Amino acid sequence: MIETRVCIDDTLGPFDCKVDPSNRWNGFLSPHFPLDSARQLCDQTVRTADEYGYDCTDTIHMIEGREDSPDTVHIIEGGPSRYADGDDETLAIAVRINWRHVHRDTRHAATVTEATPQARKAARRRKPGGRGAARAVFVHVRWMYLDEGSETAVTIVEPDSEGLFPIGGWEWVWHFAVWWCLCGSYQNWHETDCLCGVTRDQTLALKEATPRVGEILRRAAPGATAALFETTAAPRIVTVVDGDGELNIGDGGPYDTENPRRGGCGTAQRAGLRPDRGRPPLAPVPARRPLTPGGPDPAGAGGQLRPPRPPLENHPVGRQAAAPRRGARCPASPANTPSPTTWSKAV
């Protein structure tokens with residue numbers, strides 16, 4: 001098992017996790033998530049279902065309680081049923097949890113039933129309490145199959161020996177998240193060194209410095225739209241574009257980027273790579289990259305963008321490849337997958 005980050009295109013993730021690279025389904029990964037990542041995954045799946053419809057999206061739900069809490073019942077609501085006669089019927093399930101047995105056998109400590117009026121009344125009557133150890137139960141709901149009456153549409157996620165939660169393995173199209181180097185190449189998240197000599201931490205440090213550089217530039221030149229910086233040895237700004245022209249950033253000029261009295265853009269850019277911050281100077285990289293405003297940020301958000309991959313028509317993203325509701329588009333659509341891009345930053 002290796003520590004890395006995974007995502008599903010730009011639909012879910014990226015999330016910290018552990019992965020066995022050899023355990024694959026049609027080339028896709030089977031990640032095991034720590035508690036915080038699993039919680040983030042829950043939030044994202046629910047937001048995706050709210051946007052695209054529960055009839056084409058799986059959701060993950062986290063139920064929290066205490067080891068000494070009495071048994072509780074929880075209602076999980078989905079979207080409208082496709083087979084309902086009217087508009088009032090909403091898909092829902094009831095989960096009854098025996099909190100005293102969760103740490104020994106999570107899967108059998110939670111029982112899934114229909115959301116009957118009696119179950120809804122029990123859910124309102126009692127909430128998890130107690131002062132024992134905190135426990136969490138994750139419920140995976142495949143709404144499109146629940147609507148068809150499948151008995152395997154809902155599963156309780158059983159944590160592994162390390163307390164990690166395997167979600168979507170051998171079912172969802174998880175792949176490694178990537179980070180983009182200054183030279184324009186990409187690496188899987190756990191591969192921290194680029195062949196050009198720049199590390200992932202150095203790339204992310206420059207990303208952190210970019211807002212400060214842009215703030216200084218815009219203070220001196222409000223119309224600045226882009227900056228070109230050189231990464232040979234220490235980073236150095238070589239061109240600033242203002243509309244259709246270039247600003248004079250030469251020594252002593254009105255926009256001297258190295259002059260502390262003018263704000264010191266170059267100094268701010270290099271500050272993120274100071275050795276006293278645990279980030280060594282950049283190795284020589286004979287390349288220049290523009291900092292263009294707007295657009296996706298390959299080095300940001302933990303590597304959401306990915307290298308080019310084949311279309312996903314034949315691989316459901318957590319069953320998200322089903323036909324969406326009228327007027328909506330499922331996130332697994334190839335039209336929604338990002339295209340390769342150069343490493344750029346907004347000024």
Side-chain angles (χ1 to χ4, degrees), residues 1-8 11-46 58-74 76 93 95-113 128-142 145 150-178 188-192 200 302-303 315-319:
M1 299 279 278
I2 61 173
E3 294 184 358
T4 185
R5 285 183 179 178
V6 297
C7 59
I8 297 180
T11 303
L12 295 177
F15 303 114
D16 292 323
C17 66
K18 282 189 175 183
V19 167
D20 178 0
S22 64
N23 180 20
R24 293 178 180 254
W25 165 72
N26 290 335
F28 299 108
L29 302 169
S30 299
H32 292 223
F33 299 99
L35 183 64
D36 289 343
S37 295
R39 181 184 285 109
Q40 295 171 23
L41 174 57
C42 293
D43 294 339
Q44 288 195 18
T45 59
V46 172
D58 289 14
T59 55
I60 310 297
H61 302 266
M62 177 182 178
I63 304 174
E64 297 182 88
R66 295 283 180 176
E67 186 176 28
D68 58 349
S69 172
D71 293 7
T72 55
V73 177
H74 305 264
I76 298 177
I93 60 171
V95 182
R96 184 182 182 89
I97 302 177
N98 183 336
W99 292 104
R100 295 178 296 279
H101 294 167
V102 166
H103 71 288
R104 293 197 296 266
D105 189 354
T106 302
R107 186 165 296 172
H108 292 93
T111 305
V112 180
T113 62
R131 299 182 179 181
R135 302 297 181 194
V137 173
F138 287 89
V139 184
H140 183 168
V141 187
R142 303 161 185 83
Y145 296 115
S150 172
E151 296 181 355
T152 59
V154 183
T155 55
I156 305 299
V157 179
E158 183 81 20
D160 63 16
S161 59
E162 298 183 42
L164 305 177
F165 299 91
I167 299 175
W170 286 74
E171 186 174 3
W172 293 5
V173 290
W174 291 113
H175 57 84
F176 288 122
V178 302
N188 289 332
W189 184 258
H190 55 278
E191 298 167 350
T192 57
R200 185 185 69 193
H315 300 291
V317 181
R319 314 297 182 186

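Given the structure is predicted, the values throughout are model-derived calculations rather than measurements.
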(request) Determine the minimum heavy-atom distance between C42 and T45, stating which atoms define it. (result) O-OG1, 2.9 Å
(request) Only counting residues at least two apart or in another chain, list the ones meeting salt bridge (charged side-chain N to carboxylate O under 4.0 Å, His left out) with E67. (result) R135
(request) Could you list the residues that satisfy salt bridge (charged side-chain N to carboxylate O under 4.0 Å, His left out) with E64, not counting sequence neighbours? (result) R39
(request) Please identify each residue that fulfils ring-ring contact (aromatic ring centres under 6.0 Å, His included) with H190, with sequence neighbours left out. (result) F176
Side chain to side chain donor-acceptor pair (under 3.5 Å) against [X], all qualifying residues, sequence neighbours excluded:
X    : value
W174 : none
T72  : H74, W99
D43  : none
D68  : none

Could I get the full list of side-chain contact (heavy atoms from CB on, under 4.5 Å) partners for [X], not counting sequence neighbours?
X    : answer
R200 : W179, W189, T192, L204
S30  : N23, W170
P70  : R126

(message) For the CG atom of L12 and the CG atom of L41, what is their distance to the nearest 0.5 Å?
(response) 6.0 Å
(request) Evaluate whether atom CZ of R131 has more than 12 neighbouring non-hydrogen atoms of other residues, nucleotides or ligands under 6.0 angstrom away. (result) no
(message) Under the salt bridge (charged side-chain N to carboxylate O under 4.0 Å, His left out) definition, can you give me all pairs with a residue in residues 11-23, not counting sequence neighbours?
(response) R5-D16, K18-E162
